[in-house]
Amino acid sequence: MNYNQIGILLAICAIAFLGITWRKVSNPYVKGLWKSGLLVFTLYAALLIYIEIRWQFISDYANKFDLNGNGFVDLNEYSDEAIKAMNRRTYGSTVRGYAPLTMAAFSSIIGFAYLVSDWFVTRLKNKK
């Protein structure tokens, strides 16, 4: 199990927990925190699922050039297209390793912006 899959499972568990307990929250500020958490974990899971699917397509495309099925592109299987596919696969593995941290930061920034705006709107509604 790689880090992306662990992140997806973590996000799905967090979405389930927040979704189940959301109805029990009555304070509008805490409810905004719950909605923000749902947004963060939903965005996190969706982005990691997209990365996993994209990685699978890149791997399948690179494996297409392995004609004898030994797991390597041998000298008789080389072509410019095969080299490009293998380079994408090796570069993609590096990006795939950093994806959980990068997507966590990205979705947290968006979630925090949503939380601040939701609290601001709630405060304006309460003033009136």
Side-chain angles (χ1 to χ4, degrees):
M1 195 171 230
N2 63 26
Y3 293 122
N4 286 351
Q5 294 168 345
I6 293 170
I8 292 168
L9 285 175
L10 174 74
I12 290 172
C13 291
I15 290 168
F17 173 75
L18 290 172
I20 290 170
T21 60
W22 183 41
R23 295 181 191 254
K24 296 178 182 178
V25 176
S26 60
N27 186 343
Y29 292 103
V30 178
K31 194 168 260 200
L33 186 66
W34 247 242
K35 288 189 285 187
S36 174
L38 279 172
L39 175 69
V40 166
F41 287 111
T42 303
L43 187 62
Y44 183 66
L47 290 172
L48 285 181
I49 289 170
Y50 170 75
I51 288 170
E52 279 296 311
I53 290 171
R54 186 171 183 268
W55 171 254
Q56 190 63 40
F57 281 123
I58 289 171
S59 291
D60 289 346
Y61 182 68
N63 287 336
K64 183 178 84 168
F65 295 103
D66 184 20
L67 300 177
N68 58 5
N70 65 351
F72 301 103
V73 177
D74 297 326
L75 289 175
N76 59 347
E77 300 168 335
Y78 265 18
S79 67
D80 290 335
E81 195 174 0
I83 293 171
K84 287 179 186 176
M86 295 307 283
N87 285 340
R88 282 185 71 192
R89 184 175 184 181
T90 56
Y91 174 72
S93 65
T94 306
V95 171
R96 186 176 176 219
Y98 292 116
L101 295 175
T102 307
M103 293 305 122
F106 181 69
S107 61
S108 295
I109 290 168
I110 291 174
F112 182 72
Y114 176 78
L115 177 66
V116 169
S117 66
D118 187 50
W119 281 352
F120 183 72
V121 169
T122 303
R123 186 164 183 238
L124 287 177
K125 284 182 183 177
N126 287 341
K127 274 189 172 182
K128 290 182 180 180

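As the structure is a prediction and not an experimental result, all values here were calculated from the model.
One hydrophobic cluster, built from ILVMFWY side chains closer than 4.5 Å, holds both Ile12 and Ile53. Under the 4.5 Å side-chain heavy-atom criterion for Ile, Leu, Val, Met, Phe, Trp and Tyr, Tyr114 and Leu124 are members of distinct hydrophobic clusters. Cluster annotation: Leu39 and Ile49 are assigned to the same hydrophobic cluster (Ile/Leu/Val/Met/Phe/Trp/Tyr, side-chain heavy-atom contacts under 4.5 Å, transitive).
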* For the pair Asn4 and Met103, evaluate side chain to side chain contact (heavy atoms under 4.5 Å, CB included) and give the outcome as yes or no after the intermediate values. => CA-CA 10 Å; Asn4 286 351; Met103 293 305 122; over 6 Å; no
* side chain to side chain contact (heavy atoms under 4.5 Å, CB included) between Leu38 and Ile15, worked out -> CA-CA 6 Å; Leu38 279 172; Ile15 290 168; 4.2 Å; yes
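When every heavy atom of Tyr29 is checked against every heavy atom of Trp119, the shortest pair comes out as O-NE1, 2.8 Å. The minimum heavy-atom distance linking Ala104 with Tyr44 is given by the pair N-CE1, 3.4 Å. A pairwise comparison of heavy atoms in Trp22 and Trp34 identifies CA-CD1, 3.5 Å as the closest pair. The shortest non-hydrogen separation linking Ser36 to Leu115 is OG-CB, 3.6 Å.
Evaluation of the salt bridge (charged side-chain N to carboxylate O under 4.0 Å, His left out) test over residues 25-35, restricted to residues two or more places apart or in two chains, returns Lys35-Asp118.
The OG atom of Ser108 sits 9.5 Å away from the CG atom of Leu43 when rounded to the nearest 0.5 Å. Ile51 CD1 to Ile58 CD1: the interatomic distance, rounded to the nearest 0.5 Å, is 10.5 Å. Between the CZ atom in Phe120 and the OG1 atom in Thr122 there is a gap of 11.0 Å [rounded to 0.5 Å].
Using a 4.5 Å heavy-atom threshold, the side chains of Trp55 and Ser59 count as touching. A heavy-atom distance below 4.5 Å is not found between the side chains of Gln5 and Leu9. Residues Val25 and Thr21 fail the side-chain proximity criterion, which asks for heavy atoms closer than 4.5 Å. Side-chain contact between Phe106 and Val40 is absent, with no heavy atoms from C-beta onward closer than 4.5 Å.
The ring pair (Phe, Tyr, Trp, His ring centres under 6.0 Å) search around Tyr61 returns Phe65, not counting sequence neighbours.
Heavy-atom neighbours of Tyr3 OH from other residues, nucleotides or ligands within 6.0 Å: at or below the threshold of 12.
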